[in-house]
Amino acid sequence: MIYDIAIIGAGPAGLAAAIYGQRAGLNTITFEANVHGGQIINTPEVENYPALGKVSGVEYAMGIYEQAVGFGATIEYKAVVDVDLEGEVKTLKCNDGSEYQAKTVIIATGVVRRKLEIPGEDRFLGAGVSYCATCDGLFFKDKTATVVGGGNTALEDAVYLAGICEKVYLIHRRDEFRGARHEVEKVLANPKIEILYDTIPLAIEGQGNVSTLKVKNVKTEEEKTLYTSAVFVAVGLVPQNDIFAGKVDMDSGYIAAGEDCTTNIPGVFVAGDTRTKSLRQLVTATSDGAIAATAAAHYLDN
Ligand code: NAP
């Protein structure tokens with residue numbers, strides 16, 4: 001069968017696209033390589049989505065998933081490994097060898113956390129190194145944890161971990177945070193968080209589990225060892241667009257599109273964090289999903 005819309009990625013952008021597609025009477029299929037919900041499941045608390053008050057990232061993900069499925073959306077839990085986006089019918093190949101066809105495609109592949117690329121990072125993954133404070137924070141109850149990064153994720157992770165751990169080091173490579181002022185204020189007001197500015201991590205060490213982190217002050221060149229049971233890496237995001245390389249216009253790895261979510265390929269749209277945009281937020285991801293699905297519906301009408 002040929003679907004009206006194939007959506008790649010079941011994060012907030014992809015699921016919002018599925019909701020809008022289904023409600024427009026279109027036949028959608030959504031592919032997800034991992035679990036539905038995307039990056040938001042790593043967020044302890046969402047408090048800036050209009051009218052929602054405070055909800056956890058997991059609660060939000062479950063809500064949007066149930067809403068999409070309630071409108072008849074189908075989600076296939078498999079990875080799309082190759083695409084042919086030329087012509088009126090697009091083909092998607094999955095990691096289990098299956099192939100799907102659709103008249104339009106919405107790319108909503110999102111982003112993954114950037115790695116530090118330092119010794120010990122891979123070796124201690126799951127043994128003290130983590131990219132998700134909400135997933136793994138409780139393993140370090142009453143211990144010392146370290147967060148690396150200076151954006152909103154690092155700031156939120158540090159505050160979240162301070163509620164569980166005895167002490168939290170927050171390491172940032174500059175002397176000014178990138179994250180929002182109100183998140184910085186929460187960090188500064190928390191007595192359990194010790195900030196090390198102008199500091200980069202050099203190596204994660206231990207026997208079996210993480211026990212220390214070697215760091216260096218980039219201004220004084222001074223090196224020191226922090227005793228820590230965990231290293232939470234929060235140094236930014238990398239778009240998940242390898243399979244579209246050479247097939248859709250990109251800019252620094254992100255799929256190039258404006259607020260209309262329309263790519264340079266007819267019938268191919270993009271939604272969420274993986275698009276070139278200035279504000280990567282939950283609300284802009286779901287907004288993109290609505291715009292992309294509506295644009296796909298107009299394309300099909302024409
Ligand atoms: P981000 O804003 O890109 O920040 C990444 C941080 O990591 C920066 O402070 C950067 O330092 C630092 N960094 C990058 N590479 C590094 C390296 N190799 N070693 C050490 N430090 C490194 O990433 P993010 O915090 O994950 O946030 C991503 C997006 O999601 C942002 O748009 C953010 O606003 C949004 N977000 C929003 C919320 C919310 O609204 N509640 C929550 C989480 C995330 P420099 O500052 O020196 O570049």
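Order of appearance sets the numbers: ligands from 1, and atoms from 1 within every ligand.
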Note: Glu117, heavy atoms under 4.0 Å from ligand 1, region reported as neither
Establish, from distance only, whether the side-chain atoms of Thr91 and Asp84 form a donor-acceptor pair under 3.5 Å. no
Can you check which of Gln39, Arg178, Arg114 brings a heavy atom nearest to atom 8 (C) of ligand 1? Arg178
Closest non-hydrogen protein atom to atom 3 (O) of ligand 1, residue and atom name please, with distance? Gly236 CA, 3.9 Å
Do the side-chain N and O atoms of Gln39 and Asp273 include a donor-acceptor pair separated by under 3.5 angstrom? no
What about Glu183: any of its N or O atoms under 3.5 Å from an N or O on ligand 1? no
I'd like to know whether the aromatic ring centres of Phe31 and Tyr100 sit less than 6.0 Å apart in this structure. yes
For atom 28 (C) of ligand 1, the protein heavy atom that lies nearest, with its residue and separation: Leu237 CD1, 3.2 Å
Just let me know how Thr43 lines up against ligand 1, side chain, backbone, both or neither, with a heavy-atom cut-off below 4.0 Å. neither
Cationic N near anionic O, under 4.0 Å, Glu205 to Lys214: yes
Which heavy-atom pair separates Ala133 from Tyr160 by the least distance, and what is that distance? O-CE2, 3.3 Å
Heavy atoms only: which of Ala154, Ala180, Pro201, Gly150 is nearest to atom 6 (C) of ligand 1? Gly150
How far is atom 24 (P) of ligand 1 from its nearest protein heavy atom, and which residue and atom is that? Thr153 OG1, 3.3 Å
Can you report which non-hydrogen protein atom sits closest to atom 42 (C) of ligand 1, along with the distance? Glu156 OE2, 3.4 Å
Can you report which non-hydrogen protein atom sits closest to atom 33 (C) of ligand 1, along with the distance? Asn152 ND2, 3.8 Å
Give the contacting part of Asn48 toward ligand 1: side chain, backbone, both or neither, where contact means a heavy-atom distance below 4.0 Å. side chain
Just do the side-chain contact (heavy atoms from CB on, under 4.5 Å) check on Phe244 and Leu85 with the steps written out, would you? CA-CA 9 Å; Phe244 308 110; Leu85 302 175; 4.3 Å; yes
To atom 18 (N) of ligand 1, the nearest of Gln281, Arg173, His172 on a heavy-atom basis is Arg173
Quick one, Asn217 and Tyr197 - any side-chain contact, counting heavy atoms below 4.5 Å? no
Evaluation steps, side-chain contact (heavy atoms from CB on, under 4.5 Å), between Val187 and Asn190: CA-CA 5 Å; Val187 165; Asn190 195 312; 5.9 Å; no
If we only consider heavy atoms of Ile200, is any one of them less than 4.0 Å away from an atom in ligand 1? no
Quick one: nearest non-hydrogen protein atom to atom 35 (C) of ligand 1, plus distance? Arg280 O, 3.5 Å
Looking only at N/O atoms, are Arg174 and ligand 1 under 3.5 Å apart anywhere? yes
Closest approach of any protein heavy atom to atom 21 (N) of ligand 1, naming residue and atom: Val235 CG1, 3.4 Å
Could you go through Asn209 and Phe124, starting from their C-alpha distance and side-chain angles, then the distance that decides it, and tell me whether this counts as side-chain contact (heavy atoms from CB on, under 4.5 Å)? CA-CA 6 Å; Asn209 293 306; Phe124 292 108; 5.6 Å; no
side-chain contact (heavy atoms from CB on, under 4.5 Å) evaluation trace for Phe177 with Asn152: CA-CA 9 Å; Phe177 286 111; Asn152 280 328; over 6 Å; no
